[in-house]
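Hydrogens, waters and symmetry mates are skipped; everything else that's a heavy atom, side chains included, is used. Chain identifiers are assigned alphabetically (A, B, ...) following the order of the sequence lines, protein sequences preceding nucleic acid strands; residue numbering begins at 1 within each chain.
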Protein chains: 2
Amino acid sequence: MKDYDELLISLRRITRAIDLYSKRLQKETNLTISQLLVMDAIVKIDKPTPSAIAKSILLSQATVTNLIDRLVKNGLVERKRLGTDKRTINIVLTQQGEQKYQDAPELLQSEFLRKYRELENWEQHLLVSAISRVATMMDAEEIDASPILTLGEIGIRDQ
Amino acid sequence: MKDYDELLISLRRITRAIDLYSKRLQKETNLTISQLLVMDAIVKIDKPTPSAIAKSILLSQATVTNLIDRLVKNGLVERKRLGTDKRTINIVLTQQGEQKYQDAPELLQSEFLRKYRELENWEQHLLVSAISRVATMMDAEEIDASPILTLGEIGIRDQ
DNA sequence: GATAATTAATTCGACTTCTAAATATAGTTT
DNA sequence: AAACTATATTTAGAAGTCGAATTAATTATC
C-alpha cells in the first residue's frame with residue numbers, strides 16, 4: 001500500500017472513463033474526443049495551423065497531424081495553403097465538417113455534466129481548483145520543454 | 001467558451017503528464033507505468049490471473065494480455081497453468097522480474113510526490129477527495145458494465 | 001451423457017499518443 | 001549568393017487501449 005494509491009486509482013478511473021466515452025462517441029458519431037477537440041480548435045483559433053492547434057489542445061504536433069489525416073479522410077476538414085509562408089498549412093472545416101460540428105456532442109459525459117451543473121458554485125470551484133492544482137503539480141516538469149501558452153497567445157477568440 | 005473548459009484542460013494536462021512520464025520511464029528503465037502496474041498487481045494479488053489483474057488495475061483483459069506479452073518478451077514474467085481449471089493462467093515474476101520490481105521507480109512523478117508529501121494532511125485529503133469525487137461522477141455510467149471491485153474482492157493482501 | 005450456456009484468455013482491427021528523423025521553406029551570415 | 005540555422009509539417013516506429021470475435025475449458029440442463 002502506497003500513500004498515493006487512492007490518488008492513482010482515481011486518476012485511472014478518470015482517464016479510463018474519458019477513454020471509454022471517446023470510444024462510445026466514435027461508435028455513435030464516428031468522431032472521437034480528440035478529433036472533436038481538433039475541430040473545436042479550428043473553429044476557435046484564427047487561421048488555425050497544425051502547430052497552433054497542437055498548442056491549444058495540448059497535443060504534440062505529430063498527433064495533430066495524425067488526427068487531421070483522419071478528419072480529412074472523413075471529409076470534415078481540408079488542408080489549405082493560405083499564407084505567404086509556404087511552410088504553414090491552414091486547416092478549414094468543410095461544409096460537412098461545419099454541419100458535424102454543429103451537431104457535435106459535448107466533450108464530457110452528459111451524466112457528468114448534469115451532476116457537475118447541479119453543484120453549488122463553490123463546489124464547482126473547489127473541484128476545478130483541486131484538479132487544476134494536481135495538474136500544476138504534475139506537469140511542472142514538462143513546462144520547460146513545451147510551455148503552456150495562454151489562450152491569447154495563440155489567437156483564441158474569446159466567445 | 002464552455003463552462004467546463006478549464007476542467008477539460010486540466011484533465012488533459014494530467015493525462016498528458018502521466019503519459020509523458022510513462023514514456024520517460026520506458027526510455028530509462030524499459031518499463032512503462034502500465035507494465036509496472038501489472039507487476040505491482042502480480043505481487044499483491046494472490047494467484048494472479050490476467051482477469052484478476054485487469055480488475056485490480058482497471059484495464060480490460062485484452063490490454064492486460066497485451067502488457068503481459070510485452071513483459072514475457074522482456075523476460076520479467078511467465079505464464080503458468082497452476083490451478084485445476086485449465087482455462088485460467090497464473091502470472092509469476094521471473095527472477096529478473098523480481099529484481100526489476102525491487103528497483104522499480106514510483107508510479108507517479110517524483111517531483112509530484114515531493115510536492116504532494118509536503119502538503120498538510122488536510123490538504124492532501126482535500127485533493128484526493130476532490131479527484132475521487134470527479135472520478136465517481138465520471139465513471140458512474142460504466143459501473144454497471146464493469147463493476148469496480150473492492151480490493152478485498154480480488155484478493156489483495158493489504159500491505 | 002450430449003448439448004447449451006458461461007467463463008478465461010487471446011487475437012484482431014482501430015485509434016491515440018509520443019519522440020526522433022526526414023522534408024521543405026524561410027531567415028541570417030558572411 | 002552559398003551555407004548555415006531555424007521553423008512547420010509529415011513520416012516512421014513503438015506502446016497503450018478498447019470492443020468484438022475466437023478458442024478452449026467448465027458448468028448447467030435436459
Residues A/R70 and A/N74: side-chain donor-acceptor under 3.5 angstrom: no

Search all heavy atoms of A/Y4 against all heavy atoms of B/L107 and return the closest pair with its distance. OH-N, 3.2 Å

Kindly say whether A/D85 contributes a backbone atom to a donor-acceptor pair with the side chain of A/T88 at under 3.5 angstrom? yes

N/O to N/O distances under 3.5 Å, protein versus nucleotides 14-18 of chain D:
residue	atom	partner	partner atom	Å
D/dA15	OP2	B/R70	NH1	3.4
D/dA15	O5'	B/R70	NH1	3.3
D/dG16	OP1	B/T32	OG1	2.4
D/dG16	OP1	B/Q35	NE2	2.9
D/dG16	OP2	B/R70	NE	2.6
D/dG16	O3'	B/S34	OG	3.4
D/dT17	OP1	B/S34	OG	3.4
D/dT17	OP2	B/S34	OG	2.7
D/dT17	O2	A/K23	NZ	3.4
D/dC18	OP1	A/R16	NE	2.7
D/dC18	OP1	A/R16	NH2	3.0
D/dC18	OP2	B/S60	N	2.8
D/dC18	OP2	B/S60	OG	3.1
D/dC18	OP2	B/T63	OG1	2.4
D/dC18	O4'	A/K23	NZ	2.8

Contact check, residues 76-93 of chain B vs DNA chain C, heavy-atom distance under 4.0 Å, returns B/R79, B/R87, B/T88, B/I89

Please list, in 5' to 3' order, the outermost nucleotides of DNA chain C lying under 4.0 Å from any heavy atom of chain B. C/dT7 to C/dA20

Backbone N or O of A/E120 within a donor-acceptor pair of the A/E123 side chain at under 3.5 Å? yes

Test your reading of the model: is there a side-chain donor-acceptor pair from B/S22 to the backbone of B/I33, 3.5 Å cut-off? yes

Salt bridge check, A/R12 against A/D19: does any charged N sit closer than 4.0 Å to a carboxylate O? no

Within the distance-only criterion (no hydrogens, no angle test), does the side chain of B/Y21 pair as donor or acceptor with the backbone N or O of A/M138 below 3.5 angstrom? no

With a 4.0 Å cut-off on N to O distance, would you call A/R16 and B/D139 a salt bridge? no

Does any N or O in the side chain of B/R81 come within less than 3.5 Å of the main-chain N or O of B/K86, such that one atom is a donor and the other an acceptor? yes

Check A/E118 with A/K115, please: is the shortest side-chain N to carboxylate O separation under 4.0 Å? no

